[in-house]
Amino acid sequence: MYDFAKIEQKWHRKWSEQNIYNTPDNPTKKFYLLEMYAYPSGDIHIGHFRNYGVGDTVWRYLRMNGYDLLHPFGWDAFGLPAEQAAIKHGLPPREWTIKNIETGKKTIQELGISYDWDREIRTCEPDYYKWTQWVFLKLYQAGLVYRDTSTVNWCPSCKTVLANEQIIGGKCWRCDSIVEKRELEQWFIKITDYVQRLLDDLDKLEGKWPQNIITMQRNWIGRSEGGEFDFPIDGTDIILPIFTTRPDTIYGVTFMSVAPDAKIMKKILPYISTDRQNAIGEYIKTALNRTEIERSTESSEKDGVFTGLYAINPFDGEKVQIWVADYVLASYGTGAVMAVPAHDQRDFEFAKKYNIPIKVVIQPKNTQLNPDEMTEAYTDTGIMVNSKLFDGTFSTDGIGKVIEYASQKGIGRKKITYRLRDWLISRQRYWGAPIPMVHCDKCGTVPVPEEQLPVLLPQEDKVDFIPKGRSPLSDVPEFVDVKCPKCGGPAKRDTDTMDTFVCSSWYYLRYLDPHNEHQAFAQSEAKKWLPIDLYIGGAEHATGHLIYSRFVHKVLFDLGYIPKECGDEPAKRLFNHGMVLDEHGDVMSKSKGNVISPGKLIEKIGIDATRVAMLFFAPPEKEILWSESAVKGAVRFLTRVESLFGKSPQSKEIPDVNSLTDSEMVMLKSLHRTIKRVGEDTRPDRMQFNTAIAGLMEFLNILPQDFGPEHKLYYTVADNFVRLLAPFAPFIAEELNEKLGFDKNVFTRNYPKYNENLAKIDEIEIGVQINGKLRGTINISTDASQQTALELASSDSKISKWFEGKAIRKVIYIEGKILNIITK
RNA sequence: GCCGGAGUGGCGGAAUGGCAGACGCGAUGGACUCAAAAUCCAUUGAGGUAUAACCUCGUGUGGGUUCAACUCCCACCUUCGGCACCA
């Protein structure tokens, strides 16, 4: 093995002296390269290294291709684990966080990733969260922030509310506790105001973002077209509006269902007769106590209670029962549905259980539906029946016609509903950016004026971190008691802190201008660098961070903080790297003890070999199972490279092409083909690093055994090879570059260029098929005629014996690809 | 249940209509060595008594389109992700 430690230490030192990772002030050919910043958990494992290694490879390739790069890094430094550490170990959150950042940063620096550390950001520092609060105020001024009391998701263990995006299968994303419901007053951001744009603009990202992320976002947004119809409640002046995607089934309504926690329940309750009120109150109470998990596991058994009230179908005046049922979601549509048991499976099950009539209004083509015999709802299309003036209309046409009719009569309208909910951002925790709002008895909620930002977190020694179900900040009088910014009277600060997804929704903007004390970022800097040209990170952020940041970007764009020419999407291209699992396919975790630490690996085989192994393993978007044995190939490869090209050339002369012998010519041509292939595979729009490295290995395999510094082409070959290798194995490439006599840093040299003529293959072995079966191969020039190909095939007895004496019916000849002879 | 991805030697993978298995790991044999490690060379999809030549089969399964299919189309199986009473 070559002395990687010596080489890597040497260039670590030199590169840091040369500041090669600094961002140029005035980019001419700009490229904003970004990897998702990190949560400072303390250990950088091999999965992180994959993320950063992919980015670093791109950086080095682009740098050699003359790009001016912005390649920053930072820390998602707020969040719960810091507080938990405080509770468990008595370590203040800030201290714990900073310690972890320092460890993580040290590891990343040891790995030699090309970050410009002058632009490092830490979201827990006042000079950052001042601007997170500023972003909040901008959202507020744009009318996108509101406070609302509603049923929210509550994690009993973290003792805080959670956003929809932070619940995975009914459980808390952090601690796996089963999420409960609570009614609380919380801060929301109206992301739903932007929902259609967030959906439409996904089209702009088509082909540039991974398809699965786009699809996941589309599903998450969940646009449904349909109609909203007003059902008056009999004997009251309440209108019960409902949303449906099947207006064509409106005449099939036999009851109504309202969610127990629907807002409209409060209006309905007073009208419910006293003898029923208790039962209904009881039902609502138990329904709300059921967790999402309970509700979904018991999903086959739907239940509910009749309210004793009736709704009037505005189309035919028919009276139908109103039920409270917990299969209806309060937070979707109006929290109430029209139930059509004949044509909706859920309504069908409910109707069967409570003996509610089933009325068929859609008849399929081939069979005749009979309500008494139906075992499940018929949800497909068909002809509308029992539907008065719509009888005979095909259901898909009926949808539009029913809506049109309702609009004319003023009983309904076309309506689009989305699955996406508003963004709940308050957290009852200490370690986050305080929400810059003040509650004044006289003036109501008053935003903190911009010039008073940041609203600083109180000293940690004044705070008790033990969760009590309210923000720890609310027990700190110095923090809470404040003068109202408007009237100067006594007022109280809001004590919630912001969801960390607010911090991360705009961090890529702070990198543009991280030391600006007067602005979040200057427009002039935004103009230089935005948008992000390539954003690299894991797919787990598909419906969280990647939607929030698109949203915040659009708001700041609309407000004019992001210049027009930067566009209203943050990232042009997105790339998801695959996960690194252990050799059994398990996720690496401290508790399993299967974590591969890059630190240990680089001690053993060096940074370059670790990088090459990781990149060669599989294409970067695929998940990989890490195994020790695969690393050997990388070590062997680099050792071979070092022993081949680690010698000074005898001559630096570039020989004239005409002076080369045939075998030298073969070598030169192979070199140019390698430059072409490796260059294309390394490009950031391809990132086929595994095949690029294979190309380099293949090239080494064609070199003659005695290839060395005395060879006429040694200098040419070594020089080009080293530059092709540089993005993958930067340290050894730099060392060999120096040995070749370059005093210029390899990354400031140009990426090799190939000569089209030399890269061209002029003679190639192609397959010869007889009737589609491969029978042999011929060597043929790539521009030879079909006639020549046939002659060559005929002159080869191994091939010709298959068609000799038979009549040839057809010949297919594709230059440089195949010859197929079809006989009778 | 719905949406999306994936299925190729002993293993990771390559080929996106044109010689399936590039490249690497592992394995086997050989060279070097007192020996081992390292290194180098050769062989390595399965089968046909088979490392002369040759033939057959082979990319999850079954059909189809085509001169030609890992690649395109249809159905299914397995598997991994996402969503999941969204009306």
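Chain identifiers are assigned alphabetically (A, B, ...) following the order of the sequence lines, protein sequences preceding nucleic acid strands; residue numbering begins at 1 within each chain.
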- Message: Between F255(A) and Y354(A), is the ring-ring contact (aromatic ring centres under 6.0 Å, His included) condition met? List the steps.
- Response: CA-CA 11 Å; F255(A) 66 102; Y354(A) 293 106; 8.8 Å; no
- Task: Report which part of the nucleic acid T777(A) touches: base, sugar-phosphate, or nothing (heavy-atom distance under 4.0 Å, all strands).
- Result: base
- Can you figure out which of rU56(B), rC23(B), rA87(B) approaches the side chain of N701(A) most closely? rC23(B)
- Select one nucleotide: of rC41(B), rC19(B), rA87(B), the one nearest the side-chain heavy atoms of Q705(A). rC41(B)
- Task: Take the protein atom CE of M579(A) and the nucleotide atom C1' of rG82(B), then report the distance between them rounded to whole Å.
- Result: 13 Å
- Applying side-chain contact (heavy atoms from CB on, under 4.5 Å) to K604(A) and not counting sequence neighbours gives E628(A)
- Of the listed nucleotides rC23(B), rA68(B), rA20(B), the one nearest the side chain of M697(A): rC23(B)
- Decide yes or no on salt bridge (charged side-chain N to carboxylate O under 4.0 Å, His left out) for R218(A) and D203(A), but give the supporting numbers first. CA-CA 10 Å; R218(A) 283 211 179 100; D203(A) 294 345; 3.0 Å; yes
- Can you sort out the partners of E623(A) under side chain to side chain donor-acceptor pair (under 3.5 Å), two or more places apart, ordered by chain and number? none
- Message: Please enumerate all residues that pass salt bridge (charged side-chain N to carboxylate O under 4.0 Å, His left out) together with D248(A), with sequence neighbours excluded.
- Response: R246(A)
- D303(A) CG - rC85(B) P separation (whole Å): 15 Å
- Message: What's the closest nucleotide to the side chain of I812(A) if the choices are rG18(B), rA87(B), rC40(B)?
- Response: rG18(B)
- Parsed dot-bracket for RNA chain B after applying the Watson-Crick and G-U rules with both distances under 3.5 Å and | for other-strand partners is (((((((..(((.....[....)))((((((.......))))))((((.....))))..(((((..]....))))))))))))....
- Item | Interatomic distance where NZ belongs to K171(A) and P belongs to rG82(B) [whole Å] | 14 Å
- Considering residues at least two apart in sequence or located in another chain, which fulfil the side-chain contact (heavy atoms from CB on, under 4.5 Å) criterion with T245(A)? S224(A), F243(A)
- Task: Using a 90° cut-off around 0 for syn, call rG47(B) syn or anti.
- Result: anti
- Note on the structure: Taken to the nearest whole Å, CG/L638(A) to C1'/rU39(B) is 16 Å
- Message: Let's see if you can work this out: which of rA87(B), rG18(B), rC19(B) has an atom nearest to the side-chain heavy atoms of I814(A)?
- Response: rG18(B)
- Item | Residue list, side chain to side chain donor-acceptor pair (under 3.5 Å) with T639(A), at least two apart or on another chain | none
- Find the distance R419(A):CZ to rC3(B):P and express it as a whole number of Å. 15 Å
- Task: Specify the separation, in whole Å, of atom NZ of K415(A) and atom P of rA87(B).
- Result: 14 Å
- Span that lies between the C1' atom of rU59(B) and that of rA20(B), in whole angstrom: 7 Å
- Note on the structure: Across all chains, not counting sequence neighbours, the salt bridge (charged side-chain N to carboxylate O under 4.0 Å, His left out) partners of K414(A) are E225(A)
- Task: Report the residues that fulfil side-chain contact (heavy atoms from CB on, under 4.5 Å) with K810(A), sequence neighbours left out, ordered by chain and then residue number.
- Result: I812(A), I822(A)
- For rU51(B), glycosidic torsion class - syn if within 90° of 0, otherwise anti: anti
- Message: Between rU66(B) and rG17(B), how far apart are the two C1' atoms, rounded to whole Å?
- Response: 9 Å
- Would you kindly give the CZ-to-C1' distance between F243(A) and rC85(B), to the nearest whole Å? 15 Å
- Please work out which residues in residues 217-224 of chain A have a non-hydrogen atom less than 4.0 Å from an atom of RNA chain B and list them by number. N219(A), W220(A), S224(A)
- Aromatic rings F350(A) and W323(A): how do their planes relate, parallel, tilted or perpendicular, breaks at 30° and 60°? perpendicular
- Message: Parallel, tilted or perpendicular, judged at 30° and 60°: which one describes the rings of F501(A) and Y548(A)?
- Response: tilted
- Query: In whole Å, what is the span from the NE2 atom of H541(A) to the P atom of rG81(B)?
  - Reply: 17 Å
- Between rG10(B) and rU16(B), how far is it from one P atom to the other, in whole Å? 24 Å
- Taking rC55(B), rA87(B), rC19(B) as options, the one with an atom nearest any side-chain atom of R775(A) is rC55(B)
- Message: Taking only side-chain N and O atoms of Y332(A), does any of them lie within less than 4.0 angstrom of OP1 or OP2 on rA87(B)?
- Response: yes
- Query: By side chain to side chain donor-acceptor pair (under 3.5 Å), which residues pair with E376(A), not counting sequence neighbours?
  - Reply: none
Polar atom pairs between nucleotides 12-14 of chain B and protein, under 3.5 Å, N or O only, would you list them?
residue	atom	partner	partner atom	Å
rG12(B)	O2'	F617(A)	O	3.0
rG13(B)	OP1	K622(A)	NZ	2.8
rA14(B)	OP1	N690(A)	ND2	3.0

- Considering only heavy side-chain atoms of K632(A), the closest of rG26(B), rA22(B), rA68(B) is rG26(B)
- Item | side-chain N/O R636(A) vs rC25(B) OP1/OP2, d < 4.0 Å | yes
- Query: So, does the side chain of K817(A) form a donor-acceptor pair with the base of rC19(B) at under 3.5 Å?
  - Reply: no
- Can you sort out the partners of R413(A) under salt bridge (charged side-chain N to carboxylate O under 4.0 Å, His left out), two or more places apart, ordered by chain and number? E228(A), D230(A)
